[in-house]
Every structure is written in C-alpha cells, then in structure tokens.
Amino acid sequence: DIYKTLNTDTECSSAAYLSEMSSSKTGGKTTAHKKEQESFVTLTTRTVRGQEKFRRAKVRSLRITLLLILTYAVTWLPYNLLSWWMVLHFDSYRANLDSNYILNSLVVLNSVINPFIYGR
C-alpha cells in the first residue's frame with residue numbers, strides 16, 4: 001500500500017493544470033494581467049517544490065518503515081521460533097538451552113536499535 005501511494009501522482013496533475021492555465025492566459029499587457037500571470041507561475045513553482053518535498057518525505061517514510069520491519073523480523077523472529085520450539089518439543093529445547101540464550105537476548109537489541117531508527 002505504501003509503495004502504491006508513493007507511485008501515484010495525483011498532485012502532479014494539479015500542477016500541470018496550473019501550469020497550463022498560466023501559459024494559456026491571454027489578454028492585454030496590463031500590470032494586473034502581469035501580476036496575475038506571475039502569481040500563477042509562483043503558485044505552480046511552489047506546488048512543484050511542495051510536491052518534491054512531499055515525494056522525498058514519502059520515500060523517507062517508506063525506507064524507515066521497511067527498516068523497522070526488517071529490524072523487528074531479525075530481532076523477534078528467533079525469539080518467537082524458540083518459543084514455538086519450546087512449546088512443541090520441550091525436551092530437545094531444554095537440551096540446547098545454553099546455545100539458545102544468545103538468540104533470546106536479541107529481543108533486547110530491538111529496544112536498543114529502535115531509537116536510532118526513529119531518530120534518523
């Protein structure tokens with residue numbers, strides 16, 4: 001959904017419309033007409049700049065979202081798999097308990113990494 005939203009250009013059509021309106025304006029060489037034309041050009045420029053900032057913000061939020069999902073999967077997936085292993089085959093889990101301790105501690109690493117991701 002985020003990727004689809006990122007690639008839609010609904011605002012771009014409004015910028016093109018404003019650009020067309022400003023270029024298709026015809027009339028006398030009055031100062032009011034010049035000011036009106038300048039305001040359309042300024043509005044179009046602001047719209048395009050705003051859209052570029054908005055697009056960069058969407059790309060940035062997509063990257064952060066994907067990084068959060070990846071971090072969550074890397075740090076919590078081993079813990080969840082070990083929990084299921086413990087539920088399904090407790091005897092084999094208990095035999096390998098010493099080697100599983102490191103994988104269980106990855107959950108704490110998630111809490112350490114998240115502030116850096118959000119602070120980015």
Side-chain angles (χ1 to χ4, degrees):
D1 288 343
I2 294 171
Y3 186 74
K4 285 179 187 176
T5 304
L6 179 65
N7 289 327
T8 58
D9 288 332
T10 55
E11 297 87 12
C12 187
S13 61
S14 64
Y17 175 74
L18 288 174
S19 178
E20 274 184 34
M21 282 185 55
S22 66
S23 64
S24 68
K25 285 277 187 183
T26 58
K29 300 282 184 181
T30 63
T31 58
H33 179 67
K34 281 186 178 182
K35 286 182 182 179
E36 188 176 317
Q37 240 182 353
E38 288 174 5
S39 70
F40 275 120
V41 171
T42 304
L43 181 61
T44 303
T45 304
R46 286 183 186 169
T47 304
V48 170
R49 286 181 190 162
Q51 288 174 0
E52 183 60 31
K53 285 182 182 179
F54 185 65
R55 180 159 174 73
R56 277 187 264 144
K58 286 197 296 187
V59 168
R60 185 175 178 215
S61 67
L62 178 66
R63 285 181 185 162
I64 290 174
T65 302
L66 293 176
L67 188 60
L68 282 170
I69 292 170
L70 179 68
T71 303
Y72 180 82
V74 166
T75 56
W76 277 93
L77 188 62
Y79 177 78
N80 290 331
L81 292 175
L82 289 173
S83 296
W84 276 105
W85 184 19
M86 183 178 71
V87 169
L88 297 175
H89 301 285
F90 185 72
D91 294 331
S92 65
Y93 175 81
R94 189 173 196 146
N96 296 316
L97 193 59
D98 293 335
S99 62
N100 298 340
Y101 181 74
I102 293 172
L103 294 175
N104 280 330
S105 64
L106 283 176
V107 175
V108 176
L109 187 62
N110 186 30
S111 298
V112 173
I113 293 174
N114 276 343
F116 291 107
I117 294 173
Y118 284 111
R120 188 176 171 242

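Basis for what follows: all heavy atoms, side chains included, without hydrogens, waters or symmetry-related copies. Only a predicted model underlies this, so the values are computations on that prediction, with no experimental measurement involved.
Of the inter-residue distances, the one linking Ile102 atom CD1 with Leu109 atom CG reads 12.5 Å to the nearest 0.5 angstrom. Rounding to the nearest 0.5 angstrom, the gap separating the CZ atom in Phe116 from the CG atom in Asn114 is 11.0 Å.
When every heavy atom of Ala73 is checked against every heavy atom of Pro78, the shortest pair comes out as O-CD, 4.0 Å. For Thr71 against Thr75, the heavy-atom pair with the smallest separation is O-OG1, 2.7 Å. Residues Val74 and Leu106 come closest through the heavy atom pair O-CD1, 4.0 Å.
Of the residues listed (Leu68, Leu70, Leu62), the one engaging Leu66 in a side-chain contact (heavy atoms from CB on, under 4.5 Å) is Leu62, and it is the only one.
Counting side-chain heavy-atom gaps under 4.5 Å among Ile, Leu, Val, Met, Phe, Trp and Tyr, Val108 is found in no cluster with other residues. Taking Ile, Leu, Val, Met, Phe, Trp and Tyr as hydrophobic and joining them when side-chain heavy atoms fall under 4.5 Å apart, one finds Val107 in a cluster with Tyr72, Trp76, Tyr79.
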Please report, to 0.1 Å, the donor-acceptor pairs under 3.5 Å made by any side chain of residues 85-97, with sequence neighbours excluded.
from: Trp85; atom 1: NE1; to: Ser92; atom 2: OG; distance (Å): 2.9
from: Ser92; atom 1: OG; to: His89; atom 2: O; distance (Å): 3.1
from: Asn96; atom 1: ND2; to: Ser92; atom 2: O; distance (Å): 3.3

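Criterion: ILVMFWY side-chain heavy atoms under 4.5 Å apart, direct or through other members. Under it, Trp84 and Leu81 are not part of a common hydrophobic cluster.
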